[in-house]
Novice: 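Dropping a structure here in C-alpha cells format, bear with me for questions.
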Protein chains: 2
Amino acid sequence: MCSLNIDSKKKPRITIKDVADASGLSCATVSRVLSGYEFVKETTRKRVLEAVEQLGYVASLPARSLAGGRSRTIGLLVPNLDVGYVGTITQGIDKALSSANWDLVLYASHHQLNKETYYVNAIANGITEGLLLIAPQFPSTYLDTLRERDFPYVLIDQADPTENSSIVEATNYQGAYEATQYLCELGHTRIAFIVGSLNVWSAVDRLRGYKAALADCNIPLRQDLILEGDYQQQGGYEAVKQVLNTVDPPPTAIFASNDISAFGAMDAAREHGFRIPEDISIIGFDDIPQASLIYPKLTTVRQPLEQMGQVAAQMLVERIEERSRPPQRVTMATHLVIRDSCAPRQFQPGERKKPFRETGGNLSPTN
Amino acid sequence: MCSLNIDSKKKPRITIKDVADASGLSCATVSRVLSGYEFVKETTRKRVLEAVEQLGYVASLPARSLAGGRSRTIGLLVPNLDVGYVGTITQGIDKALSSANWDLVLYASHHQLNKETYYVNAIANGITEGLLLIAPQFPSTYLDTLRERDFPYVLIDQADPTENSSIVEATNYQGAYEATQYLCELGHTRIAFIVGSLNVWSAVDRLRGYKAALADCNIPLRQDLILEGDYQQQGGYEAVKQVLNTVDPPPTAIFASNDISAFGAMDAAREHGFRIPEDISIIGFDDIPQASLIYPKLTTVRQPLEQMGQVAAQMLVERIEERSRPPQRVTMATHLVIRDSCAPRQFQPGERKKPFRETGGNLSPTN
DNA sequence: CAGTAAATTGAAAGCGCTTACAATTTGATG
DNA sequence: CATCAAATTGTAAGCGCTTTCAATTTACTG
C-alpha cells in the first residue's frame, strides 16, 4: 500500500460524469446524446461529442447494461473454430451486425455439452442482448430457459421440435438427394455416405436424402456403406480408411456430410492408392471456400453459408428490437456445384485398385 | 402497455436479494458465500447454496463486474476463425482457463485494423478481466492505452518493441533456419519461401531464418523465390501458382511460413502437375493437427501451439491476480518434424516437367 | 403581454452486486 | 462470570450508467 507500485500508475477511469462536467451538462443529457435520443439540441449534442473526443471517454458496458441501456452486443455460440463452415457463417453474421452497428462476441463449446450449456447461461447473464447458435448439439437443455427469460435467440442449422424457435437452415434433404442422385447418374452403385453428428438436425436430413435418392435410383441401401462420422476431417479420414480396408469391392464414390469430412475422405483415398476422381469420386456438402481451392476442386452441395449468417443476424436483431415477433423459420436453397472430384464409374474389370501405387496420385498422361 | 403481450410472460429475474430472503441471510453474506470468502460458517454456506439451487439463481455479470467483483472472464482476440493454428492455441487456453475456473470469450478481427482496435476497446470496457491476443497485426495502436488502464494482457506470437508486454512466442528464427537447412541438406538449391503477414513478428523472424540458412548453406538468395503471402491458404496457393508459371526452372522446394500456406502451395503444385514430394518438396510451419492428416503427411516445424496457449493463459491469470508482476517473455522451442512431404532433389536431366528449358542459368555443372 | 404546448434538460432513483467498516456472535481464558 | 480476540454477519455506500418524471426553456398564438 505504500509507493512500491511506482510503475502501476493507473489512469483513473473517465466516466460520464467527467464528460458532463467538461460539457457543462448533466449526466442524463450526455447519456441521451450518446444513445441518439431525438430531443436533444444540436448545439448540445456537439458539446457532448467534443468532450467525449477530448477526454477519450469510452462507456462502461457493464454499467450501461445494468442500467437498462443497450450493449448492442450479440453472442455467438459455435461448436468449434473452423475457418470454413463456422468462419463463413460468422463472416455473414459479422457483416450484417457491423452494418447495423452491433458487436459480435464468440463462445466456443468445443462440442462439449457442459460447455454449451454453461456458455448459454453466461451469455444470457452477461452484457449481450441476444444469442445466435451455430449447429448447437444439445439445445433441448436450455431453450426453454431462454424462452422463459424472454432472451432472444436464433438457431442456425439446427431444428427445435417444439417449433418455438427462430431458425435459419438450408434444404439439407434436397441437397443430399441431388448429390447422391448425381453419383447414381454417373453410374456409381457403391456409394458410401459419411454421416454427420446425428444430434444436429442437418446430419439427419442429409442421411435421409442420401437414402431417398438411392431408393429412387433403385440402388439397394447397404448398411456397410453408411460410415460413422462427426463432421470433422479426422472422422472422415478414419471412416474412409476403414471402409477401403474392409469392404471388397470398395465403394467407387463417397458422399460426405460436409466438405471437411470430404477432405478427410480424400486423404484416406489417396493414402490407399486411389486417384480422385478416376478411381473414386467424392462429393462434399457446404461449399466452404477451401472446396474450390484444393486439387482437384471439390464437387459439393452449396449451402449459402454467408447469407445464412446474415439472415440469422438480421432475424435476431429484429427480434431484439421487436419482442412480439413470432418465431420464424427460413429455409435457404442448396445447390449442387459440379467441379472436378467426380467422374463416371469405371467399368473395366481390372479396376486399378491395388497395383497402381501412385504416391502423388494425380498425374495422368492427359495433363 | 395493456395485456396484449400474452405470450411474453417474462419470468422476473432472480436476484441476490431473493437468495438472501430465501436463506434468511443478508445479501452481503450470500455474496461472500458465492465468492468463496473464507470466513463463512459451513452451515451458512449450505443454506445459501441450497437457496441458489432451488431458485436457479444465476448472477448478473454486469452487476458483479460493476460492483468490483470478479467476472472471471478472459477476452481472446483472434485474427480469424481457424481450426488449426488459432483453434489449437485456443484449446490450450481453454484448458488452462477451465481448470482455473475462468471463462473465455472470443472476438474475431478478420484481419481488419478498425475491428482489432475497436474490439480491444470493447473488451477493456466490458466484463472481461484481461486480454489475450493471438498474432495481433496492429498492436501499436492500443498497447499504450491498455497499459495506462492497467488492463492485463498477453501477446501470443507477436513482439512489442517497447519491451513492456508479456509475450509468449516460439523460436521462429531457429525453426525457419532448420527447415531451410533441411531442404539444403536434401540438395535443394531453388527453395522458394512463402512469407507470412509481415506485420506479425513471427513472419519477420521466419523470413530471417530462411535467409540465414541459405547464406550458411552458400546458396545465393533469390528475390524471385521469396513469395508474398499472408498466412492464408489462398495466398499460398496463388503465390505458388504464380512462381510455377513464371520462374523457370521452377523451385524444387517450398518452405511456407505456416501450414495453411503450405496446403495452398500443395494444391497449386498439384494443379501444375507436380507430385509431392517427388517433383517438389514442401515444408510448413506450426504442425497444426491437419498437417499429419493430409496426404502426403506434411513435414513442418512444430510450434507447441497448445502449450503456448496454456502458458499465455496462465501468465495472464497470474498477472490479473498479482498486478505487480513485471512483463514476462516466454520463448518456446520449435522442432522440425520430418514426415513425407520432402524428398531429395531429383538430378535427372528429364526433370518431369518441361523439356528442361535452362534459361535462367542457375544450374552450374558443379551442382 | 399572457397562455399554452412542445422541446429540452436536470434531479434522483435504481439496476444487481460487492465490499469496507461496524455490529454481533462465538469461543477461549483466567 | 467477565474479558478479550477472532469469527461471522449486517448495513450502507457506491460502482457507472439509464430513464422517469419534474422543472425549465423555447416558440407560437391571440
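Keep in mind that what you see is a predicted model, and the values were worked out from it rather than measured. In what follows, every chain begins at residue 1, and chains take the letters A, B, ... in the order their sequences are listed. Heavy-atom basis, side chains included; hydrogens, waters and symmetry copies ignored.
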Novice: Test: side-chain hydrogen bond (donor to acceptor under 3.5 Å, both in side chains). Region: residues 22-41 of chain A. Which pairs qualify, not counting sequence neighbours?
Specialist: A/Ser26-A/Thr29
Novice: Just the table, please: protein N/O against nucleotides 10-12 of chain C N/O, every pair under 3.5 Å.
Specialist:
residue : atom : partner : partner atom : Å
C/dG10  : OP2  : A/Ser26 : N            : 2.9
C/dG10  : OP2  : A/Ser26 : OG           : 2.7
C/dG10  : OP2  : A/Thr29 : OG1          : 2.6
C/dG10  : N7   : A/Arg32 : NH2          : 2.8
C/dG10  : O6   : A/Arg32 : NH1          : 3.2

Novice: Under 3.5 Å, which donor-acceptor pairs do the side chains of residues 59-75 of chain A form with other protein atoms, sequence neighbours left out?
Specialist:
residue : atom : partner  : partner atom : Å
A/Ser60 : OG   : A/Ala63  : N            : 3.2
A/Arg70 : NE   : A/Glu129 : OE1          : 2.7
A/Arg70 : NE   : A/Glu129 : OE2          : 3.3
A/Arg70 : NH2  : A/Glu129 : OE1          : 3.3
A/Ser71 : OG   : A/Thr73  : N            : 3.3
A/Ser71 : OG   : A/Ile127 : O            : 2.4
A/Arg72 : NE   : A/Asn101 : O            : 3.0
A/Arg72 : NH2  : A/Ala100 : O            : 3.0
A/Thr73 : OG1  : A/Ser71  : O            : 3.0

Novice: Kindly write out the residues that satisfy side-chain hydrogen bond (donor to acceptor under 3.5 Å, both in side chains) with A/Thr44, not counting sequence neighbours, or none if the list is empty.
Specialist: none
Novice: Near DNA chain D, counting only heavy atoms under 4.0 Å, which residues of residues 52-72 of chain B show up?
Specialist: B/Leu66, B/Ala67
Novice: Go through the structure and list residues passing side-chain hydrogen bond (donor to acceptor under 3.5 Å, both in side chains) with A/Asp82, not counting sequence neighbours.
Specialist: none
Novice: A/Tyr37 has an atom OH; how far is it from atom P of C/dT9, in whole Å?
Specialist: 11 Å
Novice: Could you list where the contact with chain B starts and ends along DNA chain D, reading 5' to 3', using a 4.0 Å heavy-atom cut-off?
Specialist: D/dA7 to D/dG16
Novice: Mind grabbing the angle between the end helix axes of the helix from C/dC1-D/dG30 to C/dG30-D/dC1? Five pairs an end, 10° rounding.
Specialist: 40°
Novice: If you look at every heavy atom in B/Pro136 and B/Gln158, which pair is closest and at what distance?
Specialist: O-NE2, 2.7 Å
Novice: Could I get the full list of ring pair (Phe, Tyr, Trp, His ring centres under 6.0 Å) partners for A/Tyr85, not counting sequence neighbours?
Specialist: none
Novice: Strictly by ring-ring contact (aromatic ring centres under 6.0 Å, His included), give each pair with a member in residues 128-167 of chain A just once, sequence neighbours left out.
Specialist: none
Novice: Does A/Asn121 have any side-chain hydrogen bond (donor to acceptor under 3.5 Å, both in side chains) partners at least two apart in sequence or in another chain, and if so, which?
Specialist: none
Novice: Can you list everything that forms a side-chain hydrogen bond (donor to acceptor under 3.5 Å, both in side chains) with A/Gln310? Sequence neighbours excluded, please.
Specialist: none
